[in-house]
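Here's the structure, in structure tokens; my notes come after.
Source: prediction; values computed, not measured.
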Amino acid sequence: MSSLILPHGGLSEPVCCTVGEERRADFLAEAASLVQVPVSDADISTVYRFGDGGLSPLTGPMDQETWNRVLNEEVILRNGQKYAWTIPLAFPMTEDLARTIQSGQKVALTNSAGEIVATVLVSDVYPWDKMDYLKKVYLTERTDHPGADMALVQDADKTWLLGGTIEVLPQPKNPQFGKYVLSPREVRKLLADKGWERVVAFQTRNPLHRAHEYALVYGLETLIRQGFNAGACLNPLVGETKGDDVCAEIRMETYEKLIEKRQLGEGDSDATLWAARGESVPDRVILLGLDIKMFYGGPKEAVMHAIYRQNFGFTDIIIGRKHADAPYKDGTAIWGDFDAQEIFQKLHGDLKIHPLNVGFAAYYDSIGRVDLMEFHKEEKPVFISGKDVRKALQEGNMVDPRIMRESTSEILRKAMAQK
């Protein structure tokens with residue numbers, strides 16, 4: 001593990017706040033007598049990432065001082081050093097519940113089914129200034145966007161925040177795709193066994209179009225051309241997302257099929273590069289899911305996505321134009337196309353992982369494959385809007401194979417037919 005990129009915060013290995021199986025019974029017995037703090041389905045992912053070290057160097061939800069430092073300075077402090085951090089993390093609760101909890105007290109966190117999942121030794125209970133939070137994370141005073149909905153609608157009754165040190169039971173495995181969701185230590189061992197010098201993570205929360213897929217291909221090929229023994233990870237988010245996003249079970253099925261059929265990069269990769277190596281793109285791609293809360297926070301969230309990936313052992317992360325983007329409810333953009341790429345040039349604290357910037361890609365009939373649009377400024381690409389893709393699938397039709405792999409179209413078409 002020593003040859004891999006270090007976890008965030010100057011640690012030698014990721015934090016571990018997970019309760020061992022040998023302690024489960026005693027842990028639950030003690031927790032049953034504690035004040036219970038409900039955690040939403042969206043925030044439950046954060047509980048588990050505190051537990052397994054995905055949020056290293058943090059050992060639990062932030063106290064007020066740390067929360068405000070992240071909002072105002074975009075850093076956390078550890079051993080006197082500043083480390084990049086752009087979205088503060090603590091657990092919301094109602095004022096009535098907050099008034100019953102004091103610093104030094106231990107509380108139990110429960111999921112939406114009322115089951116105990118963790119305990120927190122409380123260091124701070126403090127009011128949540130939601131408008132300040134929204135303005136500084138989303139960089140806008142408007143509140144007609146998905147991020148504001150989470151704070152003002154979904155957490156409307158939760159106006160206080162809980163900080164402290166956490167202990168977490170192991171996360172239950174999803175029966176369909178749990179084998180792809182590993183802890184930072186497990187991923188780091190997998191990468192060490194691969195022997196790759198550089199590994200680029202590609203994030204998505206959607207089924208892949210060929211243009212999206214090409215970002216992964218481009219990132220991998222970039223590292224190989226630079227002379228590295230490199231690999232790539234198709235690393236989709238599998239936590240709670242917006243209601244109009246395709247559910248994780250269906251998305252993971254589409255990714256599995258792409259891997260199984262060895263279709264990643266098919267027809268779109270650099271044939272000369274791979275022929276000279278006696279390989280193809282699928283030989284250097286792994287599939288792993290990442291269960292984290294989605295904030296739809298644009299540039300600030302791009303940095304958080306990089307922090308997670310560094311903790312899991314990836315050396316690079318693909319940052320596309322409009323990364324983690326969501327528009328206002330009227331469809332206009334909150335951030336510029338390149339803001340998520342440019343923020344990495346303006347960090348106020350240390351971050352080891354490398355952002356690998358990729359622009360928009362599309363299929364061009366002139367070359368018979370997908371390529372970056374910046375190389376074809378005078379040409380018209382083959383383009384279908386997301387609305388038209390959904391319409392075709394809902395009507396039981398396949399999407400143009402120049403836009404989406406047939407295996408992905410078929411899975412989505414069947415899933416939509418069952419709704």
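Considering only heavy atoms from C-beta on, L258 stays 4.5 Å or farther from P282 through its side chain. Within the 4.5 Å cutoff, no side-chain heavy atoms of R277 are placed close to those of D283. In this structure the side chain of L351 reaches within 4.5 angstrom of the side chain of F344, judged on heavy atoms. Side-chain atoms of L55 and W85, non-hydrogen and from C-beta on, do get closer than 4.5 Å to each other.
Among residues two or more places apart in sequence or in another chain, the ring pair (Phe, Tyr, Trp, His ring centres under 6.0 Å) test is passed with Y133 by W67, W128.
At most 12 heavy atoms of other shown residues, nucleotides or ligands fall within 6.0 angstrom of atom NZ in K261. The local environment of NZ in K82 is sparse, with at most 12 non-hydrogen atoms from other residues, nucleotides or ligands closer than 6.0 Å.
Between E253 atom CD and F177 atom CZ the span is 12.0 Å, to the nearest 0.5 Å. Separating the CZ atom in R405 from the CD1 atom in I411 is a distance of 13.5 Å, to the nearest 0.5 Å. Atoms CZ and CG, on F312 and L288 in that order, are 9.0 Å from each other to the nearest 0.5 Å.
Counted by atom type alone, S40 and Q154 present zero donor-acceptor pairs between their side chains at under 3.5 Å. Side-chain atoms of D371 and H376 include a donor-acceptor pair closer than 3.5 Å. Side-chain atoms of Q171 and D291 form a donor-acceptor pair, as typed in the model, at a separation below 3.5 Å.
In terms of heavy-atom proximity, V47 sits nearest to A118 at CG1-CB, 3.9 Å. Here the closest non-hydrogen pair linking L372 and G359 is CD2-O, 3.8 Å.
Tested against D316 for a salt bridge (charged side-chain N to carboxylate O under 4.0 Å, His left out), the candidates K352, R198, R309 yield a single pass: R198. Checked against L182 for a side-chain contact (heavy atoms from CB on, under 4.5 Å), the options R185, K179, E186 give a single hit: E186.
The six-membered or imidazole ring of H8 lies near that of Y83, with a centre-to-centre distance under 6.0 Å.
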For this session: Tell me, with the steps shown, if H305 and L290 meet side-chain contact (heavy atoms from CB on, under 4.5 Å).
Result: CA-CA 10 Å; H305 289 166; L290 180 60; over 6 Å; no

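In this structure, R142 forms a cation-pi arrangement with Y328, its terminal cationic atom sitting closer than 6.0 Å to the ring centre and no more than 45° off the ring axis.
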